[in-house]
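Heads up, the thing below is written out as structure tokens.
What's counted below: heavy atoms across the whole structure, side chains too, no hydrogens, waters or symmetry copies. Everything numeric in this text was worked out from a predicted model, so none of it was measured.
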Amino acid sequence: MSDATVRTALVTGASRGIGLAVARLLAASGVRVALVARSAFELSAHAAELGGGAIAVPADVTVASEVERAVRNVRDAFGDVPDILVNNAGIFIPKPLDVLTADEFERTVRVNLVAPFFVLRALLPRWRELGRGHAITIGSIADRTIFADNGAYSASKFGARAVHEALRAETKGTGIRATLIAPSSVDTPIWDSVQLGAGSRFPLRDRMLTAESVAEAVVWAALRPATVNVDELRLSAT
């Protein structure tokens, strides 16, 4: 794994929103970061901005072969698998079940649930060999609470929470850590196509959590001593 004085991290969905905020704060904390998302141009610009050996790794994390290629590239750059995984990539399509298309439901589950599994699976065997590693899952208030028009998103986030809890059970005592960070609504570009305002059950964007506040929770959990596991943090706006 990385030199003990320089920790490494892989962040998915790192081209914007929570993922980019996490990457920036990790880099500012001295962690070398691999930014993973589909947009090569944006990622390269952000990696250059972060400096400190940050790297851009374009990949579609919903495709297992692309995840495997991306992890190989990260291992080559860092000398081993990253110490920290932040599974953040996600989509949100708030529609009633009778309006939601089959493609939209399947795509939501694939991005929010299947893709994080692909990335975790690519790292976990090596983490077991090393007896260390930290998987951080970005959950949601919707991973425990059901809202109308949230059938696909809640299904995917309930599933992601289940994977997190299974990982905790399977790796207890191994030195591998797992953390679930579950915020309420966060002001990110995910809301650009969602109608807010009068009649909406969602808060206005200026009343949501900021991506930076979620990133602070992620990095706080990530940088606890190796003997401390933060099982779960649930965040809400005041």
**Message:** If I take atom CZ from residue Arg234 and atom OG from residue Ser140, how far apart are they, to the nearest 0.5 angstrom?
**Reply:** 8.0 Å
**Item:** side chain to side chain donor-acceptor pair (under 3.5 Å) involving Asp149 - partner list, sequence neighbours excluded
**Value:** none
**Asked** Can you name the nearest heavy-atom pair linking Val74 to Ala34, along with the distance?
**Response** CG2-CB, 3.8 Å
**Stepwise side chain to side chain contact (heavy atoms under 4.5 Å, CB included) test for Leu10 and Phe78** = CA-CA 10 Å; Leu10 185 161; Phe78 290 169; over 6 Å; no
**Request:** Decide yes or no for Arg69 and Glu66: does some side-chain heavy atom of the first lie under 4.5 Å from some side-chain heavy atom of the second?
**Result:** yes
**Message:** Donor-acceptor check, side chain of Arg32 to backbone of Gly53, threshold 3.5 angstrom: yes or no?
**Reply:** yes
**ILVMFWY network linking Val71 to Leu130, side-chain heavy atoms under 4.5 angstrom** = yes
**Message:** Tell me whether Arg24 is salt-bridged to Glu212, with the criterion being a basic N under 4.0 Å from an acidic carboxylate O.
**Reply:** no
**Prompt:** Sub-3.5 Å donor-acceptor pair from the side chain of His164 to the main-chain atoms of Ile136, do we have one?
**Reply:** no
**side-chain contact (heavy atoms from CB on, under 4.5 Å) partners of Arg38, counting only residues at least two apart** = Asp60
**Asked** Between CG of Leu124 and CD1 of Ile176, what distance do you get to the nearest 0.5 Å?
**Response** 5.0 Å
**Asked** How about Leu50 and Leu26: do any of their side-chain heavy atoms sit closer than 4.5 Å?
**Response** no
**Asked** Taking C-beta and beyond as the side chain, do Ile138 and Val86 meet within less than 4.5 Å on heavy atoms?
**Response** yes
**Request:** Side-chain contact test, heavy atoms from C-beta onward, threshold under 4.5 Å: evaluate it for Pro94 versus Phe92 and give yes or no.
**Result:** yes
**Item:** Distance-only polar pair, side chains of Thr210 and Ser213, donor-acceptor under 3.5 Å
**Value:** yes
**Item:** Interatomic spacing from CZ in Arg128 to CG in Leu123 - rounded to 0.5 Å
**Value:** 13.0 Å
**Message:** Once rounded to the nearest 0.5 Å, what's the spacing between atom CG of Leu180 and atom CG of Leu233?
**Reply:** 8.5 Å
**Message:** For a quick test of reading the model, state the closest non-hydrogen atom pair linking Pro58 to Ala40 and the distance between them.
**Reply:** CG-CB, 3.6 Å
**Atom CD of Glu106: over 12 foreign heavy atoms under 6.0 Å** = no
**Prompt:** So, do Trp127 and Leu120 sit near enough that their side-chain heavy atoms are less than 4.5 Å apart?
**Reply:** yes
**By side chain to side chain donor-acceptor pair (under 3.5 Å) - contacts of Ser156 (at least two apart)** = Asn112
**Item:** Side-chain (Arg7) to main-chain (Ala222) donor-acceptor, under 3.5 angstrom
**Value:** yes
**Message:** Under a plain distance cut-off of 3.5 Å, with no hydrogens placed, do Thr8 and Asp83 share a side-chain donor-acceptor pair?
**Reply:** yes
**Prompt:** Is the closest basic N to carboxylate O distance between Arg168 and Glu165 below 4.0 Å?
**Reply:** no
**Request:** Measure the shortest side-chain to side-chain distance between Asn88 and Thr12 over non-hydrogen atoms and say whether it is less than 4.5 angstrom.
**Result:** yes
**Request:** Specify the closest pair of heavy atoms between Arg224 and Arg177, including all atoms of both residues, with the distance to one decimal.
**Result:** O-NH1, 3.2 Å
**Request:** Search all heavy atoms of Thr108 against all heavy atoms of Ile93 and return the closest pair with its distance.
**Result:** OG1-CD1, 3.8 Å
**Request:** Take Ser236 and Ile141, measure what side chain to side chain contact (heavy atoms under 4.5 Å, CB included) needs, and give me the verdict at the end.
**Result:** CA-CA 8 Å; Ser236 60; Ile141 189 175; over 6 Å; no
**Prompt:** So which heavy atom on Val36 is nearest to which on Ala59, and how close?
**Reply:** CG1-CB, 4.2 Å
**Request:** Indicate yes or no: does Lys172 engage Glu170 in a salt bridge with an N to O separation below 4.0 Å.
**Result:** no
**Message:** Rounded at 0.5 Å granularity, tell me how far CG in Leu113 sits from OG1 in Thr62.
**Reply:** 12.5 Å
**Message:** Please find the pair of heavy atoms, one from Gly139 and one from Pro183, that lie closest to each other, and give the distance.
**Reply:** O-CD, 3.5 Å
**Request:** Any chance you could measure Ser15, atom OG, to His46, atom NE2, to the nearest 0.5 Å?
**Result:** 6.0 Å
**Prompt:** Are Phe118 and Val63 connected in the hydrophobic side-chain network, where two residues link if heavy atoms are under 4.5 Å apart?
**Reply:** no
**Request:** State, yes or no, whether a side-chain contact exists between Val57 and Leu35 at a heavy-atom distance under 4.5 Å.
**Result:** no
**Message:** Could you see if Val214 belongs to whatever hydrophobic cluster contains Leu223? Use Ile, Leu, Val, Met, Phe, Trp, Tyr and a side-chain cutoff under 4.5 Å.
**Reply:** yes
**Message:** Can you confirm whether the side chains of His134 and Thr179 place a donor and an acceptor under 3.5 Å from each other?
**Reply:** yes
**Item:** Basic-acidic side-chain contact under 4.0 Å: Glu104, Lys95
**Value:** yes
**Request:** State, yes or no, whether a side-chain contact exists between Thr137 and Val163 at a heavy-atom distance under 4.5 Å.
**Result:** no
**Asked** Taking Asp143 for the side chain and Ala182 for the main chain, is one N or O donor matched with an acceptor at less than 3.5 Å?
**Response** no
